[in-house]
Structures are given as C-alpha cells and as structure tokens.
Amino acid sequence: MSARDQLTDGLYGLGWSTVKKLPEPVATRLGRSVADLAWKRRGKGVQRLESNYARVVPDAGPERLAELSRAGMRSYLRYWMESFRLPSWSPERIESGFEPKDLHHLTDGLAAGKGVVLALPHLANWDLAGAWVTTKLQTRFTTVAERLKPETLYDRFVAYREGLGMEVLPHSGGTAFGTLARRLRAGGLVCLVADRDLSASGVEVDFFGATARMPAGPALLAQQTGALLLPVTLWYDESPVMRGRIHPPIQVPGSGTRAERTSVMTQALADVFATGIADHPEDWHMLQRLWLADLDPAKGPS
C-alpha cells in the first residue's frame with residue numbers, strides 16, 4: 001500500500017473511531033468548520049461542485065454559485081459527520097433522524113411481494129435513509145459498492161454498511177446483477193445510487209439540458225424481475241432531521257426493444273432526480289465530472 005493510500009485509510013479510520021464519540025453539537029460544528037476550510041481553499045472538488053451547480057442553476061451568477069458551493073460543502077460534511085456517527089446511534093435516534101413522504105409506495109410494493117428497486121441520486125445522506133429502512137421498517141436490503149482504493153478502505157465501507165443491516169455487493173466482478181435479480185424475485189428490496197455511470201454500459205440521458213450517462217441497472221432489473229422501480233430524493237433542512245420523498249413507480253413501456261425500454265425508463269428516472277436536485281441543489285454531493293461534455297481532462301478538475 002502506498003503512503004497516500006495508508007494516509008487515506010488512516011483518516012477514514014480516525015473519523016469512524018473518533019468522530020462517533022463526539023457529542024452531536026460538537027460534531028456538527030466540526031463538520032461545518034472543515035467544510036468552510038475546504039471551500040475557502042477551492043480545491044478540485046469544490047471547483048467541480050461549483051461547475052456542476054452552474055448546470056443545475058444556469059441563471060446563477062458567480063456570487064450565487066459561490067454561495068451554493070459553500071452550502072454544498074457544508075451539506076457534504078454533514079453527510080460525513082452523520083455517517084461517521086451512525087454506527088453509534090441508537091435505534092431511536094435513527095428512526096427520528098429521517099422523515100420520508102409517500103412511504104406507501106415502498107410499503108405497498110414490498111407487501112405485494114414482487115420486489116422493489118429504490119434508485120437515488122447523490123442527495124443528502126443515503127446511508128442514513130438505508131439505516132432507517134433496516135431499523136424503522138425492519139427490512140434488510142441489498143446494495144452495491146464501488147471498489148475503492150486502498151482495498152482496506154473498501155473493506156471499511158463494506159463493514160460499516162453491513163453493520164447498518166445492508167447486504168453489500170462489489171460493483172466489479174460481474175456477479176452483482178444476478179444476485180440483485182435473485183433478491184428481487186424473492187420479493188426483496190434493492191437500493192442503488194444511480195445518477196452517475198461512466199462505464200460503456202451507461203445510458204445516455206438529457207440531464208439539465210445536456211447529455212449525461214446513468215446506469216442501466218435499475219431499469220434492467222425492473223424489466224427482468226417485475227420489481228417496482230421507485231425513485232427517491234432526499235434533502236436537508238435546518239433541523240437535525242433529513243427529509244425525503246418516495247416517488248411513484250417508473251413504468252416499464254409496453255413496447256420497444258429492451259434497449260429502448262431501458263432508455264425511456266432511465267430518462268424518466270433522470271427527470272425525477274433533476275426535479276429533486278433543482279429543489280435542493282446544495283444537497284447534491286456531485287464532486288466529480290458527470291456530463292459527457294465535461295469528461296475531457298483538459299477542461300478542468302475531475
């Protein structure tokens with residue numbers, strides 16, 4: 001392991017071992033201070049976040065974009081502070097930490113026994129939403145995690161999410177899709193973060209007026225298994241409680257090839273994501289390139 005990888009792994013380990021022991025108000029203030037410091041330094045992540053916000057809020061001038069990126073970094077650090085502390089939260093704290101609207105779409109879908117796919121963008125804290133599902137609804141689910149470097153960091157994330165009651169599959173290796181399909185055919189729940197896919201198998205969508213690529217998996221799983229595909233959007237307000245909405249199901253088109261149906265469904269998913277992101281842009285933690293026009297390394301930070 002390189003020195004950089006050791007440092008990265010050590011910092012995350014320190015976060016999970018130390019931040020979770022802090023009183024919640026102290027952790028909140030620490031997260032805000034770290035966010036403001038990172039924002040002032042204007043590193044690549046902050047520049048990319050601001051560039052992405054410029055597409056989401058096209059009429060925003062430099063001052064407004066700076067305000068958004070500062071709020072975005074504070075939201076991003078709130079996500080990390082909550083995530084570092086989640087393993088130490090009581091069931092009561094987890095249950096009171098999230099209030100989703102239109103929950104019936106999920107509970108009715110699970111009751112029907114056909115399986116449910118929840119698809120989310122990188123909004124607010126998807127780990128907290130997942131912990132709420134396993135705790136409040138007493139429903140385990142399966143998800144997929146990208147293999148991170150160093151490997152020890154990936155192992156930390158898997159252990160963290162499994163500790164919250166999730167089944168975690170590696171994104172690479174080619175076996176994840178089959179396992180997800182089996183879980184759904186058994187009436188289970190699958191949760192996928194689905195607003196960014198840079199692989200060759202991604203589906204091109206119109207997203208805030210420009211072309212981006214999103215994963216085909218949610219739409220393909222719904223087609224192959226008959227499971228419901230439910231978009232979910234999340235956001236923060238000034239309270240300690242995260243808010244969310246479970247949107248109506250994305251329907252499988254009645255005609256067309258599999259690729260055509262997948263394209264239509266993924267575009268419908270992108271449209272719901274766009275609505276949630278436009279309503280709460282500061283809670284969209286997209287510090288990487290997303291739109292195809294931005295993927296040329298010569299055009300700015302990744």
Side-chain angles (χ1 to χ4, degrees), residues 83 86-87 91 94 98 100 102-123 125-148 154-197 199 201-203 214-234 244-252 258 261-262 265-266 268-269 272-273:
S83 296
L86 264 176
I94 292 173
F98 178 44
D102 299 326
L103 181 62
H104 65 92
H105 291 304
L106 172 57
T107 54
D108 291 351
L110 291 173
K114 293 185 177 180
V116 174
V117 179
L118 294 180
L120 309 86
H122 286 80
L123 274 169
N125 191 339
W126 46 95
D127 286 327
L128 172 55
W132 187 89
V133 168
T134 61
T135 304
K136 178 73 173 181
L137 301 186
Q138 294 291 297
T139 301
R140 287 180 59 85
F141 63 86
T142 305
T143 188
V144 173
E146 180 182 358
R147 280 202 176 275
L148 303 171
Y154 171 77
D155 292 340
R156 285 187 190 275
F157 270 96
V158 170
Y160 155 66
R161 288 180 171 134
E162 288 181 341
L164 297 175
M166 311 175 193
E167 179 187 21
V168 183
L169 307 176
H171 185 271
S172 58
T175 61
F177 188 90
T179 302
L180 295 174
R182 286 193 294 274
R183 299 292 183 268
L184 292 169
R185 290 191 180 101
L189 176 63
V190 164
C191 299
L192 301 171
V193 179
D195 57 345
R196 182 174 185 260
D197 188 329
S199 72
S201 62
V203 178
M214 295 188 180
L220 287 172
L221 285 166
Q223 290 178 66
Q224 289 196 200
T225 68
L228 282 183
L229 174 55
L230 301 178
V232 179
T233 53
L234 308 171
R245 174 173 284 109
I246 300 170
H247 297 264
I250 301 295
Q251 300 297 326
V252 178
R258 185 175 73 166
R261 293 195 301 269
T262 300
M265 294 174 72
T266 306
L269 201 59
V272 177
F273 290 171

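Counting only distance, with no hydrogens or angles, the side chain of Arg245 and the backbone of Thr233 share no donor-acceptor pair below 3.5 Å. Distance alone, capped at 3.5 Å, is enough to place a donor-acceptor pair between the Thr134 side chain and the Leu164 backbone.
The side-chain heavy atoms of Leu106 and Leu228, taken from C-beta on, include no pair separated by under 4.5 Å. Side-chain contact check for Phe273 versus Leu123: every heavy-atom pair is 4.5 Å or farther apart.
Residues passing the side chain to side chain donor-acceptor pair (under 3.5 Å) test with Thr179 are Arg182, sequence neighbours excluded. Not counting sequence neighbours, the partners of Arg258 by the side chain to side chain donor-acceptor pair (under 3.5 Å) test are Gln224. When the ring-ring contact (aromatic ring centres under 6.0 Å, His included) test is applied to His122, the partners found at least two apart in sequence or on another chain are Trp126. Residues meeting the side chain to side chain donor-acceptor pair (under 3.5 Å) test with Thr266, sequence neighbours left out: none. Considering only residues two or more places apart in sequence or on other chains, Arg183 meets the salt bridge (charged side-chain N to carboxylate O under 4.0 Å, His left out) condition with Glu167.
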- Message: For Ile94 and Lys136: C-alpha separation, side-chain torsions, deciding distance, then whether side-chain contact (heavy atoms from CB on, under 4.5 Å) applies.
- Response: CA-CA 8 Å; Ile94 292 173; Lys136 178 73 173 181; over 6 Å; no
- Show your reasoning for whether side-chain contact (heavy atoms from CB on, under 4.5 Å) applies to Asp127 and Arg161. CA-CA 8 Å; Asp127 286 327; Arg161 288 180 171 134; 2.8 Å; yes
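To the nearest 0.5 Å, atom CG of residue Leu184 and atom OG1 of residue Thr225 are 4.5 Å apart. Taking CG from Leu137 and CH2 from Trp132, the interatomic distance works out to 4.5 Å, rounded to the nearest 0.5 Å.
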Mind listing the side-chain donor-acceptor pairs of residues 114-121 below 3.5 Å, one per line with the distance, residues two or more places apart or on another chain?
none

